[in-house]
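Only one structure is covered here, and it is reproduced in the block below.
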There are 2 protein chains.
Amino acid sequence: MVLPRAAKTQRRTRIQEEKEERILEAALEVFSASGFRGSTIDQIAEVAGMSKPNLLYYFRTKEAMHRALIDRVLDTWLDPLREFNAEGNPVAEIRSYIRRKLEMARDFPRESRLFANEVLQGAPHIEDELKGPLKQLVDEKAEVIQAWAKAGKIAKCDPYHLIFAIWSTTQHYADFDVQVRAVLGQEQAGDGRFEDAARFLERLFVDGLQVRE
Amino acid sequence: MVLPRAAKTQRRTRIQEEKEERILEAALEVFSASGFRGSTIDQIAEVAGMSKPNLLYYFRTKEAMHRALIDRVLDTWLDPLREFNAEGNPVAEIRSYIRRKLEMARDFPRESRLFANEVLQGAPHIEDELKGPLKQLVDEKAEVIQAWAKAGKIAKCDPYHLIFAIWSTTQHYADFDVQVRAVLGQEQAGDGRFEDAARFLERLFVDGLQVRE
DNA sequence: TGATAATTTGACCGGTTGGTAAACATTACA
DNA sequence: TGTAATGTTTACCAACCGGTCAAATTATCA
């Protein structure tokens, strides 16, 4: 038989899982570095160590590869926000959210850049996710923050812009890594900048959101 | 004579200035929306209302167009930071820097996205600018901030990460505009989000940097 | 083992891309 | 006005792009 594309089979073979994994890993590498339009199937094939038609055996089109990648990464990416807990101590919650987002910027910069590329270029492939699941999740957490503010546990502030501020400051260290390194000077080898950033940001947000008389 | 490309002539004719202007305007439109690799000369030509070979008469290559654009925009882009004044009132200086950066995000989002695209994809074309002029300027302003902190005028903090935080939070409204709109819901027509952001960010940074006993 | 299905590859296709060559049109200026 | 320099266009090219196809190879399992 010729055409029963991998996706159509009910049971996924060992080979299918392995190869799709390898392809998506390579796709992440390439898409995150060049964006969708700037990436080519050949590049991904080379990184994956497979032939181009072989990739297209597992994913019919470049778009399909991109979509599969987005779907797989998006959930993980939103996990830190999901853990935001209404019952917790507000300051501790915000502090740990910042910390987790910074850790993700450090440990999964490619995932961050994948979304950054996508959103930056108008989010042509993830508009629905933004207006649907993402908005819903943010709305929910914004209410939590609002409640904290009303209860006097943190300063009154626009919860949406607070979330934007945390997103932007933390993801900055993944998305604009080259710039950060250039400005700091690359003398320092390790991940020191992440610890410095954590210290600074935790302080900024905690003090900035403190209730003051 | 056939080849004395526009660039080589000593005097720039009226036509040259007009056309180069139109081309760079179109290039800004296209490059900022799709990044370097994702943009095509044809797209730029169409936006500029000229033929492709005509563009290539004024800029020999796609790279040359991109470089000319970057060179032109970079200076303007760094102006707000340059205005940062050591003699001024620290809180007022920081507040007005945030305000100016937000205004630029609102009024010149394409310029912001141009750089974001470039840096995000590893800054292959502006590495020198980052490590040279940009770093130098930031170093200078970081010293100013450091001095303020030592003088007890603002809380002690890492000046570099403070600058990163201001950059990221403000540019976020240009670079991630689609996401911001999606999350806020596009009911609100105007630029209200910029005013809300200004209120939030000024408060965050001012309170966050206040000296506290 | 053998047959059947799953996987992989090389050759290829039409469309797009950055860029060129040369003819043609327009402008500047003596 | 005439002519040389400047500006514009049409036709074109080689390389690259996303994707197809049929043949070849490998894995699965009765």
Side-chain angles (χ1 to χ4, degrees), chain A residues 1-27 29-31 33-69 121 124-125, chain B residues 1-27 29-31 33-69 121 124-125:
Chain A
M1 198 186 277
V2 185
L3 251 214
R5 223 91 193 197
K8 281 197 177 177
T9 60
Q10 298 306 327
R11 289 220 256 145
R12 304 164 63 80
T13 70
R14 193 193 83 250
I15 289 182
Q16 270 172 41
E17 276 182 29
E18 280 178 13
K19 291 301 168 72
E20 288 179 11
E21 173 65 32
R22 252 171 73 189
I23 292 170
L24 289 182
E25 157 65 26
E29 186 72 25
V30 175
F31 281 138
S34 308
F36 182 77
R37 295 206 45 189
S39 303
T40 73
I41 302 183
D42 293 87
Q43 285 171 6
I44 300 171
E46 204 193 325
V47 172
M50 305 189 207
S51 68
K52 179 169 64 170
N54 203 359
L55 292 214
L56 291 163
Y57 172 76
Y58 291 100
F59 299 94
R60 257 194 286 271
T61 64
K62 187 181 163 187
E63 286 241 359
M65 277 180 38
H66 189 257
R67 166 137 296 276
L69 181 59
Q121 308 196 356
H125 305 97
Chain B
M1 200 187 275
V2 183
L3 253 212
R5 223 91 191 196
K8 282 198 176 177
T9 61
Q10 297 306 327
R11 288 220 256 146
R12 305 164 64 78
T13 69
R14 193 193 82 247
I15 289 182
Q16 272 174 38
E17 277 183 26
E18 280 177 14
K19 291 300 169 69
E20 288 180 11
E21 172 66 32
R22 253 170 72 189
I23 293 171
L24 290 181
E25 156 66 27
E29 186 72 27
V30 175
F31 281 138
S34 308
F36 182 77
R37 295 208 44 188
S39 303
T40 72
I41 302 183
D42 293 88
Q43 285 171 7
I44 299 172
E46 203 193 325
V47 172
M50 307 190 208
S51 69
K52 179 169 63 171
N54 203 358
L55 292 215
L56 290 163
Y57 172 73
Y58 291 100
F59 298 95
R60 259 193 285 271
T61 65
K62 189 180 163 186
E63 285 239 2
M65 275 179 39
H66 191 257
R67 165 139 295 276
L69 181 59
Q121 308 196 355
H125 305 96

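The sequence lines fix the lettering, A, B, ..., with proteins before strands; numbering per chain opens at 1.
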message: Could you report the tightest heavy-atom contact between B/I41 and B/L56, atom names first, then the distance?
response: CD1-CD2, 4.0 Å

- prompt: Under 4.0 Å between a side-chain N or O of A/S51 and OP1 or OP2 of C/dT8?
  reply: no

message: Checking contacts here: which listed nucleotide (D/dT20, D/dG19, C/dT17) is nearest the side-chain heavy atoms of A/P53?
response: D/dT20

- line: Separation of C/dG19 atom P from B/Y58 atom OH, nearest Å, is 18 Å

message: How many whole angstroms separate atom CZ of B/R37 from atom C1' of D/dC16?
response: 10 Å

- prompt: Expressed in angstrom and rounded to an integer, what is the separation of B/E18 atom CD from D/dT6 atom P?
  reply: 17 Å

message: Contact between B/Y58 and B/M65 at the side-chain level, heavy atoms closer than 4.5 Å - yes or no?
response: no

message: I want to check something: taking the side chain as every heavy atom from C-beta on, are A/F59 and A/H66 in contact at a cut-off of under 4.5 Å?
response: no

task: Assign each of A/K52 and B/L55 to its nearest nucleotide of DNA chain D by heavy atoms, then name whichever residue's nucleotide is nearer the 5' end.
output: B/L55

Whole angstrom value for the distance that separates P of C/dT7 from CD1 of A/I23: 11 Å

- line: From CD1 of B/I41 across to C1' of D/dC12 the rounded distance in Å is 15 Å

- request: Would you indicate which nucleotide in D/dT9, C/dG19, C/dA11 comes nearest to any side-chain atom of B/N54?
  value: D/dT9

query: Just how far, in rounded Å, is P of D/dG19 from NE2 of A/H66?
result: 13 Å

task: Let me know the distance between CZ of A/F31 and C1' of D/dG18, rounded to the nearest Å.
output: 12 Å

task: Return no unless some side-chain N or O of B/Y57 is found under 4.0 Å from OP1 or OP2 of D/dG7.
output: yes

- request: Taking only the side-chain nitrogens and oxygens of A/Q16, find out if one of them lies under 4.0 Å from OP1 or OP2 of C/dT7.
  value: yes

- request: Looking at every strand, decide which applies to B/T40 at a 4.0 Å heavy-atom threshold: base, sugar-phosphate, or nothing.
  value: sugar-phosphate

- prompt: CD of B/E63 versus P of C/dG18: gap in Å, rounded?
  reply: 12 Å

query: Excluding sequence neighbours, so at least two apart, what forms side chain to side chain contact (heavy atoms under 4.5 Å, CB included) with A/A33?
result: none

- request: Specify the closest pair of heavy atoms between A/A26 and A/V47, including all atoms of both residues, with the distance to one decimal.
  value: CB-CG1, 3.6 Å

